[in-house]
Amino acid sequence: MRGWLKATIGLVVISGLLVGADRIAVGVAEDEAADQLVKNGRMSQRPDVTIEGFPFLTQVVSKKLDDVRISSDGLTVRNNGQQVALHSFKAKLSGVEVSDSLNSATVDSGAGSGVISYQDLAQLLPPASQLMGGASLPVGGNARLSLSYGGPGKVKASLGPVSVGEATVHNTGNTITVDGLKLSSLAEMVAGLGNRKIEPASFTLDSMPAGLQLAAKDGVAPLPEGLQLSFEGKDVKLLG
């Protein structure tokens, strides 16, 4: 009985040490991965990285991580040098093949999401006068449309205090387009512009997080808090 008890205690101690070593190793790997993502230009600031699955060390031996989660609330995306914040970014990366030193990695598949506020979204659009063929505006030549949530698939737009209707938002690749706006009769009276259609406004995002791209289907979706971007990728070069 004493021998069995000693053996059991020994196994428990050894198991505890192995679990502790595994958790220490995964913590070190997560910190290194976060640093490398910034160093390799895949993220605009250091993210939180979580490597799921247990034990971690067996994944290291196989050089393939089953499930890696990345999150950050301080990233940015750009369009022709115009930089805006990407809030609440989260991504799940599946099948991450890594090198021994963690300085190169490829991803079988990845998916994620983030949100651009409507105020920032408006900054990515051309000035309102440009969208209306160079028309002179009472609110100023550099005035931009103000955007807000307009319901599923739509955003509301206004020019100063005047509503100019609803628009749809969609994407082709990493290019996002806001279109379907038309000055209302009230806007015509106030601005003196006639029943003028507002040209579609497009911009293309670069420096996408974690090497992902906007999803081919439903890559953008208006939400009350802003425009949600959905990301995806296959065979993504994450590091190196």
Side-chain angles (χ1 to χ4, degrees), residues 22 25-79 83-117 120-121 124 169-177 203-223 225-240:
D22 190 86
V26 75
V28 172
E30 289 168 348
D31 287 342
E32 179 63 21
D35 291 338
Q36 289 292 337
L37 283 168
V38 177
K39 182 179 179 180
N40 282 262
R42 296 297 188 269
M43 306 287 280
S44 59
Q45 81 163 28
R46 194 177 189 276
D48 292 324
V49 177
T50 302
I51 300 173
E52 302 286 351
F54 179 83
F56 166 69
L57 293 174
T58 58
Q59 297 183 65
V60 172
V61 172
S62 67
K63 296 183 181 180
K64 192 162 190 175
L65 308 177
D66 299 328
D67 184 349
V68 178
R69 309 293 176 96
I70 301 174
S71 63
S72 177
D73 199 39
L75 298 179
T76 57
V77 290
R78 296 193 307 268
N79 169 53
Q83 182 173 283
V84 298
L86 179 67
H87 302 284
S88 305
F89 174 75
K90 294 181 179 180
K92 176 182 178 181
L93 309 178
S94 301
V96 182
E97 296 188 33
V98 298
S99 65
D100 292 332
S101 57
L102 284 180
N103 58 11
S104 66
T106 58
V107 179
D108 288 346
S109 63
S113 64
V115 175
I116 298 177
S117 71
D120 283 343
L121 178 62
L124 296 174
V169 186
H170 55 88
N171 72 292
T172 302
N174 291 341
T175 299
I176 299 172
T177 301
F203 57 90
T204 301
L205 296 177
D206 53 29
S207 67
M208 305 295 271
L212 301 174
Q213 306 296 321
L214 285 180
K217 183 179 180 181
D218 299 326
V220 293
L223 298 177
E225 63 268 29
L227 186 68
Q228 177 176 271
L229 310 184
S230 295
F231 303 97
E232 65 181 7
K234 291 186 180 297
D235 299 323
V236 175
K237 187 175 183 181
L238 183 62
L239 299 176

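With a 4.5 Å cut-off on side-chain heavy atoms, Leu238 and Leu37 count as touching. Residues Leu205 and Leu229 meet the side-chain proximity criterion, which asks for heavy atoms closer than 4.5 Å. Counting only heavy atoms from C-beta outward, the side chains of Leu75 and Val77 never approach each other to under 4.5 Å. Under the 4.5 Å side-chain criterion, counting only non-hydrogen atoms from C-beta, Glu30 is in contact with Thr50. The side-chain heavy atoms of Arg42 and Gln36, taken from C-beta on, include no pair separated by under 4.5 Å.
For the atom pair Leu124 CG and Ile176 CD1, the distance stands at 8.0 Å (nearest 0.5 Å). Here the CG-CD1 distance, from Leu223 to Ile116, works out to 12.0 Å after rounding to the nearest 0.5 Å. Here the CE atom belonging to Met208 is positioned 8.5 Å from the CG atom belonging to Leu86, to the nearest 0.5 angstrom.
No donor-acceptor pair closer than 3.5 Å links the side chain of Asp73 to the backbone N or O of His87. A donor-acceptor pair under 3.5 Å links the side-chain atoms of Ser44 to the main chain of Thr76, judged by distance alone.
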Residues Thr177, Thr172; criterion side-chain contact (heavy atoms from CB on, under 4.5 Å); working and verdict: CA-CA 8 Å; Thr177 301; Thr172 302; 5.9 Å; no
Stepwise side-chain contact (heavy atoms from CB on, under 4.5 Å) test for Leu121 and Val169: CA-CA 11 Å; Leu121 178 62; Val169 186; 5.5 Å; no
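Residues meeting the salt bridge (Lys or Arg N to Asp or Glu O under 4.0 Å) test with Glu97, sequence neighbours left out: Lys64. Qualifying ring-ring contact (aromatic ring centres under 6.0 Å, His included) partners for Phe231, counting only residues two or more places apart in sequence or in other chains: Phe89.
For the pairing with Val236, the side-chain contact (heavy atoms from CB on, under 4.5 Å) check across Val107, Thr106, Val96 returns one residue only, Val107. Of the options Asp108, Val49, Ile51, Ile70, a side-chain contact (heavy atoms from CB on, under 4.5 Å) to Leu93 is made by Ile70 and by none of the others.
Nearest heavy atoms, Leu214 versus Gly219: CD2-O, 3.9 Å. When all heavy atoms are compared, the tightest approach of Ala91 to Leu212 is CB-CD1, 4.2 Å.
A salt bridge does not link Lys90 with Asp48: every distance from a Lys NZ or Arg NE/NH1/NH2 to an Asp or Glu carboxylate oxygen is 4.0 Å or more.
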